[in-house]
Structure formats: structure tokens, C-alpha cells
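Encoded as C-alpha cells, the structure appears first; notes follow it.
Both ligands and their constituent atoms are indexed starting at 1 by order of listing. Computation of the quantities below employed the complete heavy-atom set of this structure, encompassing side-chain atoms and omitting hydrogens, waters and symmetry-equivalent molecules.
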Amino acid sequence: MPSGIMLFAECRQGQLRKVTLELAGRGSELAAQRGEPLIAALLGQGVGPLAEALGQAGVDRVVVADHEALKDYTTDAYSRVMTDVVRAWDPAVVLFGATAIGRDLAPRVAARLGVGLASDCVALDLDAGKALVVKRPLYAGKVMATVGGFSRSPAMATVRPNVLTPAVPQPGRRAEVVEFSPRFGPEDRRTAVKELVAAAGEVVDLAEADVIVSGGRGLKAPENFRLIEELARALGGAVGASRAAVDAGWIEHSHQVGQTGKTVSPTLYVACGISGAIQHLAGMSSSRCIVAINKDPEAPIFKVADYGIVGDLFQVVPALTEEVKKLRAG
Ligand SMILES: Cc1cc2nc3c(=O)[nH]c(=O)nc-3n(C[C@H](O)[C@H](O)[C@H](O)COP(=O)(O)OP(=O)(O)OC[C@H]3O[C@@H](n4cnc5c(N)ncnc54)[C@H](O)[C@@H]3O)c2cc1C
């Protein structure tokens, strides 16, 4: 009988990714409702010490697959080991972050297990029979679908980063740690990662950034994104954008915030020359402090902003950057 909720504990460069703690937060609530354990599958090399943080985040059991072939993510090796871990533990539910890795890995594991997968979910719940039900946007966010009735076990889902509340660490809480010995065939090791290179100019990963400075159509030309980059750099943050700026070809889609871009939840979100369309707000309105810079006092962004600056961004943004630099230097 399948039992327990399993999450894929994604890490990068020896650190757990924020989405893992988000899955642990909601996963532990669902596991408690089912009266079953929350299990984390932790794959990598030398990742054992991360079990402590997972325990504090509400995980009951950490299955550690430690192997040099798992040092960096590769599709073949991770698919093989994750599938074997799921087969060995037979959980009722398996959750992944809808990150680049989760989106690559989850469908492959689902296909190998012959089960379905609900991708890019924004909410997780249980139905009256305590089976998984999820919400996921369809048609570029025009419709929100409720998906349940997974006919085969485990029920699998990928969940968007920054939509669930991360687990609050409980100091002293510990998870049981179980070693898992991965086995590989030649077909599982067809690729090797030789080097990881950060994207040129990338200051901080948007989805995990604590501070985001975003630019919209108000910037008027691609070269003016320099102003946004300079403020972001001064604040130690990442650069975001509205869809209008992305569609105009001023910046890559990976920077887009909103319904058809990334959902972000930083401590500080600075929106420059962005009107505040509903589809943009859908991706950033849970930010803790929102600062809007717009020359139109009626712009809808001011309705969600904690601080609003009515003014010309070409004057306000460089002035802010200068002040931030002075404060940081002092
Ligand atoms: C299905 C669907 C999905 C979508 N998904 C997304 C999404 O994921 N993300 C997203 O952002 N949008 C999305 N959109 C598009 C969205 O509806 C808006 O069109 C878009 O967000 C507008 O971008 P903007 O605010 O940069 O541009 P605009 O709405 O044109 O706003 C520009 C703002 O800049 C201000 N401005 C101009 N000059 C200055 C200046 N010198 N100084 C200060 N302020 C100035 C103006 O007053 C204005 O408020 C989606 C739309 C659809 C239909």
C-alpha cells in the first residue's frame, strides 16, 4: 500500500534550493493530514549534511543517494536513481519544484513509473479521500484547473517556486536518515558535466532573489535596462521585467515576471515604468515590500505598492542608485 509524501530535495552547489523548503512546508501539512511521513529524496555528492536542514523543515525521513555520478545534475543518472528511490519507498505522492531541473526530471520519472504528472501547480491539497488534488493554470493563466483523481500511484506534481510558504525551521527537529545505494548501467551515465558557467551578466537568480528591480515599457528602449541593472547591482538584487519589455525584445524571457513568466516573492520588489497589469501582479504581488516608480499617478501598480514614487524613472532610478551606493559605502 503506497504511503507517505516524497519530495525531491533539489540542491545547487551544496545548498538546498528555496523551493525544496516550500515543498517541505506544504508537504508536511499534507503528510500530517494523511497521518503519514514526509520523505525527502536527497541526491548528490557529499549532500548528507543537508539532511539536518530538511529535518528542521519538517521532513521525517531523508533518503540519501550519495554518489560521484550525482555530483552535478544529469538527466540520465538522476532519472534512474530517483525512479529507483520512488520504487523502493512506494510513496503515495511525489513532489518536485517546477524548476529547470524539476521540469526535466519529473516527467522522465513519471514515464518510467507509468504514472501521470500534473505540472506547474500553484496549490496542493487533499480531497475527501485524502488523495492529492492540485491547482494549475491553463491557457497562459486564463483558466485555473483543479486536477485530482490520479488513477495510478504515486500521484506526481511539479510546483512553481515562490507560490507556497517555505517551512519555518524548527531547531532541534531531526529526520531519520537512510542511505540508498544507487546502481547505474552504462545507459545511465551517457553525459558528464565538465563545467558550470553562470549566464553572462547574471547577478542573482530571479526566482530566489531577495531583491528584484524590474523594468517595463516605460524604459522606452533596450539600452535603458542599464539603469535597472545598475540599481539591481547596487541593491545586490536580480533584474526582472514585464512582458511588454520582453515582447519588445529588450530582455530575455527568463527575466519575465508574471503569469506567463516567473512567480517571485522577494523581500523588496522595485517596479520601474510598469503599469501593474493583472498578469504582472499575479507574479509579484506577494513580495513583502513593493516600490513603484511611475510617472502616471493613476497607474494600477500604485494600488499594490507599499511605497509609490510618481516621477520620471530616468531621473528617479539613477538618483536612487546613487543614494544606495552612498549608503552601502558608508
Ligand atoms: C495571457 C496573458 C499573459 C500575460 N502574462 C504577463 C506576464 O507574465 N507578465 C507581464 O508583465 N505581463 C503579462 N501580460 C501582459 C500584461 O497584460 C501587460 O500588457 C504588461 O504587463 C504591460 O507591461 P508594462 O507595464 O511594462 O507596459 P505598459 O502597460 O505599457 O506600462 C508602461 C508604464 O510605464 C509608465 N511610464 C512611461 N514612461 C515613464 C517614465 N519616463 N517614468 C516612469 N514611468 C513611465 C507608464 O505610465 C505606464 O504605466 C500578459 C497578458 C496576457 C493577455
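Polar contact with ligand 1: present for V257 (N/O pair, distance under 3.5 Å). Considering backbone and side-chain atoms together, L313 places an N or O closer than 3.5 Å to an N or O of ligand 1. Taking distance alone, with nitrogen or oxygen atoms compared against 3.5 Å, G273 approaches ligand 1 more closely than that limit.
Between atom 16 (C) of ligand 1 and the options Q279, H280, Q315, the minimum heavy-atom separation is to Q279. For the residues N294, T263, D296, D312, the heavy atom positioned nearest atom 46 (C) of ligand 1 is part of N294. Nearest-residue assignment for atom 31 (O) of ligand 1 (options C272, P137, S275; heavy-atom criterion): S275.
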Worked verdict on V257 versus Y269 for side-chain contact (heavy atoms from CB on, under 4.5 Å): CA-CA 11 Å; V257 172; Y269 188 88; 3.7 Å; yes

Evaluation steps, salt bridge (Lys or Arg N to Asp or Glu O under 4.0 Å), between E10 and R17: CA-CA 6 Å; E10 188 176 331; R17 299 203 71 183; 3.2 Å; yes

Derivation of the side-chain contact (heavy atoms from CB on, under 4.5 Å) call for M6 and L23: CA-CA 10 Å; M6 178 175 278; L23 294 178; over 6 Å; no

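The pair E229-R226 fails the salt-bridge criterion, with no side-chain N (NZ, NE, NH1 or NH2) lying under 4.0 Å from an Asp/Glu carboxylate O. Between R103 and D120 there is a salt bridge, since at least one side-chain N of the basic residue sits less than 4.0 Å from a carboxylate O of the acidic one. Salt-bridge formation is detected for the pair R80/D84: a Lys NZ or Arg NE/NH1/NH2 atom is positioned less than 4.0 Å from an Asp or Glu carboxylate oxygen. The residues R233 and E230 are annotated as not salt-bridged, no charged nitrogen and carboxylate oxygen being separated by less than 4.0 angstrom.
Counting all heavy atoms, side chain and backbone alike, L132 lies closest to A157 at CD2-CB, 4.4 Å.
Near F314, the atoms of ligand 1 lying under 4.0 angstrom from a non-hydrogen atom of the residue are 41 (N). Atom numbering of ligand 1 starts at 1 in the shown order; those under 4.0 Å from a heavy atom of G311 are 42 (N), 43 (C). Each of the atoms 26 (O) of ligand 1 lies under 4.0 Å from some heavy atom of G216. Near G258, with a cut-off below 4.0 Å to any heavy atom, the atoms of ligand 1 are 7 (C), 8 (O), 9 (N). Set against the non-hydrogen atoms of Q259, the atoms of ligand 1 under 4.0 Å away are 7 (C), 8 (O). Heavy-atom contacts of K220 reach the following atoms of ligand 1: 37 (C), 38 (N), 39 (C), 41 (N) (cutoff under 4.0 Å). Ligand 1 places these atoms under 4.0 Å from at least one heavy atom of S242: 11 (O), 23 (O), 24 (P), 26 (O). Below 4.0 Å from some heavy atom of A244 lie the following atoms of ligand 1, by number and element: 22 (C), 23 (O), 24 (P), 26 (O), 27 (O).
Using a 4.0 Å cutoff on heavy atoms, A241 does not count as a contact of ligand 1.
Annotation: the span from I293 atom CD1 to L231 atom CG amounts to 7.0 Å, rounded to 0.5 Å.
Counting heavy atoms under 4.0 Å from ligand 1, residue A277 touches it through the side chain alone.
Counting non-hydrogen atoms of neighbouring residues, nucleotides and ligands closer than 6.0 angstrom, the NZ atom of K71 reaches no more than 12 such neighbours.
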